[in-house]
There are 2 protein chains.
Amino acid sequence: MKKNSLFNREHDYSLRITAFLASLDKDEIINVSSISKKLHLSKIFTARIIHKLRVANIVGSVQGKYGGFYLKANSEEISIWDVLNAMGYKVRLNDCMDENFFCDLMFGCQFHTFFIGLEQNIFEQLKQQKISDYIFRFTK
Amino acid sequence: MKKNSLFNREHDYSLRITAFLASLDKDEIINVSSISKKLHLSKIFTARIIHKLRVANIVGSVQGKYGGFYLKANSEEISIWDVLNAMGYKVRLNDCMDENFFCDLMFGCQFHTFFIGLEQNIFEQLKQQKISDYIFRFTK
DNA sequence: TTTAAATAATACTTAATAAGTAATGATTAA
DNA sequence: TTAATCATTACTTATTAAGTATTATTTAAA
């Protein structure tokens with residue numbers, strides 16, 4: 001049976017990639033092939049994800065031959081929430097929390113109120129976790 | 001863009017249906033047509049959902065002409081969690097929490113640990129909420 | 001100046017799922 | 001016997017997740 005998820009593969013991988021980049025030395029850059037091998041991801045999927053992270057300014061890139069990527073921000077200042085948002089993270093625990101959702105029962109629906117609170121609670125927990133506490137280190 | 005959900009339409013409707021049944025008088029039963037009209041759901045979808053609730057023993061049914069459904073348990077003793085489970089609620093915040101999931105990084109992956117904690121936290125909140133606090137009442 | 005190795009960006013593919021529909025059988029009051 | 005109701009399972013359709021493919025651009029170095 002399908003299970004409801006809050007995070008998909010892209011979200012997961014983006015966290016791994018960020019946590020790995022956080023382990024690099026200052027001024028060190030790494031290319032997509034190396035990242036994908038280390039993290040056991042396909043090269044092309046890795047490229048798509050890291051590109052989004054770059055657009056969101058989480059990572060920086062150097063183009064051309066011998067180019068690559070590096071973590072732009074300080075890992076102590078980036079949260080799981082920040083990375084997820086870079087990937088275009090959108091959550092609504094329930095469809096009824098959607099902006100354009102109309103529900104005849106909405107007025108006074110305590111479920112709706114409960115879901116809003118639960119969602120806020122989850123978001124807070126994601127914001128509290130900094131990437132610096134999740135750094136992946138590999139023996140070189 | 002698609003948003004990640006923790007609850008789908010069936011889950012939502014099952015909560016509404018249970019909360020509505022909780023408003024009925026003792027010994028009162030109500031048929032699917034009436035429920036679906038009150039809650040603005042399709043009759044056939046309502047039937048399928050309430051059938052699952054019956055199998056899970058959350059609601060009871062009376063078959064045949066003038067039959068219908070009623071809440072079997074005490075609404076103060078049923079939690080949101082119980083209703084969701086009756087619907088076959090399965091959650092894993094992230095695929096990596098799946099039993100059969102293999103991940104080369106799993107050993108020592110702090111993200112994995114964090115997700116487990118977050119999930120437990122969410123489950124606790126669902127268990128704490130009793131249907132009695134969410135009863136739908138309509139003017140008759 | 002040419003080439004190779006890398007990033008940049010977008011379009012495509014496929015299997016699975018959510019949500020809802022349709023159809024037929026079984027039960028029971030009158 | 002019949003009408004109204006629940007019981008059960010199979011089907012449909014649009015959307016999404018996940019991953020692949022392709023082509024363009026950039027740059028270091030021979």
Side-chain angles (χ1 to χ4, degrees), chain A residues 1-14 16-17 21 29-37 39-57 59-70 72 87-96 98 101, chain B residues 1-14 16-17 21 29-37 39-57 59-70 72 87-96 98 101:
Chain A
M1 175 196 292
K2 168 67 189 308
K3 299 177 184 178
N4 289 76
S5 298
L6 214 45
F7 311 105
N8 61 26
R9 298 292 75 212
E10 207 172 80
H11 297 138
D12 185 329
Y13 298 167
S14 68
R16 298 187 199 192
I17 291 169
L21 291 181
I29 66 170
I30 189 165
N31 63 39
V32 170
S33 290
S34 302
I35 296 171
S36 64
K37 274 175 201 151
L39 299 178
H40 304 278
L41 308 175
S42 89
K43 183 179 169 183
I44 209 147
F45 203 12
T46 304
R48 200 175 63 178
I49 290 167
I50 205 162
H51 178 244
K52 286 190 188 176
L53 291 173
R54 197 200 60 77
V55 170
N57 233 27
V59 308
S61 68
V62 175
Q63 279 194 318
K65 196 171 180 180
Y66 305 122
F69 296 92
Y70 58 93
K72 206 162 181 182
M87 300 306 292
Y89 191 54
K90 293 290 175 210
V91 170
R92 55 154 189 256
L93 295 193
N94 189 342
D95 282 2
C96 77
D98 226 24
F101 191 87
Chain B
M1 175 196 293
K2 168 66 190 308
K3 299 177 184 178
N4 289 75
S5 296
L6 215 44
F7 311 105
N8 60 27
R9 298 291 76 213
E10 207 172 78
H11 297 139
D12 185 327
Y13 297 167
S14 68
R16 298 186 199 192
I17 291 169
L21 290 181
I29 66 170
I30 189 165
N31 64 38
V32 170
S33 290
S34 302
I35 296 170
S36 64
K37 273 175 201 151
L39 299 177
H40 304 278
L41 309 175
S42 89
K43 183 179 170 183
I44 210 148
F45 204 13
T46 305
R48 201 174 63 177
I49 290 167
I50 205 162
H51 178 244
K52 286 190 188 176
L53 291 173
R54 196 200 59 77
V55 169
N57 232 28
V59 309
S61 69
V62 175
Q63 280 195 318
K65 195 170 181 181
Y66 304 124
F69 295 92
Y70 58 93
K72 206 162 181 181
M87 300 307 291
Y89 190 54
K90 294 291 175 211
V91 170
R92 57 154 188 257
L93 295 194
N94 189 342
D95 283 1
C96 78
D98 226 24
F101 191 86

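In this text, all values refer to a predicted model and were calculated from it rather than measured experimentally. Keep in mind that the numbers below use all heavy atoms, side chains included, and drop hydrogens, waters and symmetry copies. The sequence lines fix the lettering, A, B, ..., with proteins before strands; numbering per chain opens at 1.
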With [X], which residues qualify under ring pair (Phe, Tyr, Trp, His ring centres under 6.0 Å), at least two apart?
X       : answer
B/Tyr70 : none
A/His51 : none
A/Phe7  : A/Tyr89, B/Phe115

Discussion item. By the 4.0 Å heavy-atom rule, please label B/Asp12 as base, sugar-phosphate, or nothing.
Written reply: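 Contact class for B/Asp12: none.
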Please classify the nucleic acid contact of B/Tyr13 as base, sugar-phosphate, or nothing, using heavy-atom distances under 4.0 Å.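 The residue B/Tyr13 makes sugar-phosphate contact but no base contact.
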**Asked** Using a heavy-atom distance cut-off of less than 4.0 Å, which residues of residues 61-70 of chain A contact DNA chain D?
**Response**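 Those residues are A/Gln63, A/Gly64, A/Lys65, A/Tyr66.
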Using the test side chain to side chain contact (heavy atoms under 4.5 Å, CB included), find all partners of [X] that sit at least two apart in sequence or belong to another chain.
X       : answer
B/Lys65 : none
A/Lys37 : none
A/Leu39 : A/Arg16, A/Ile17, A/Phe20, A/Ile35, A/Leu41, A/Phe136, A/Phe138, B/Leu105
B/Asn57 : B/Lys72

Select one nucleotide: of C/dG20, C/dA19, C/dA9, the one nearest the side-chain heavy atoms of A/His51.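 The listed nucleotide nearest to A/His51's side chain is C/dA9.
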Ignoring hydrogens and geometry, is there a side-chain-to-backbone donor-acceptor pair from A/Ser5 to A/Asn8 under 3.5 Å?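 Not a single qualifying donor-acceptor pair exists.
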| Which of residues 39-47 of chain A sit near DNA chain C, with a heavy atom under 4.0 Å from it? |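 Heavy-atom contacts with DNA chain C come from no residue of residues 39-47 of chain A; none.
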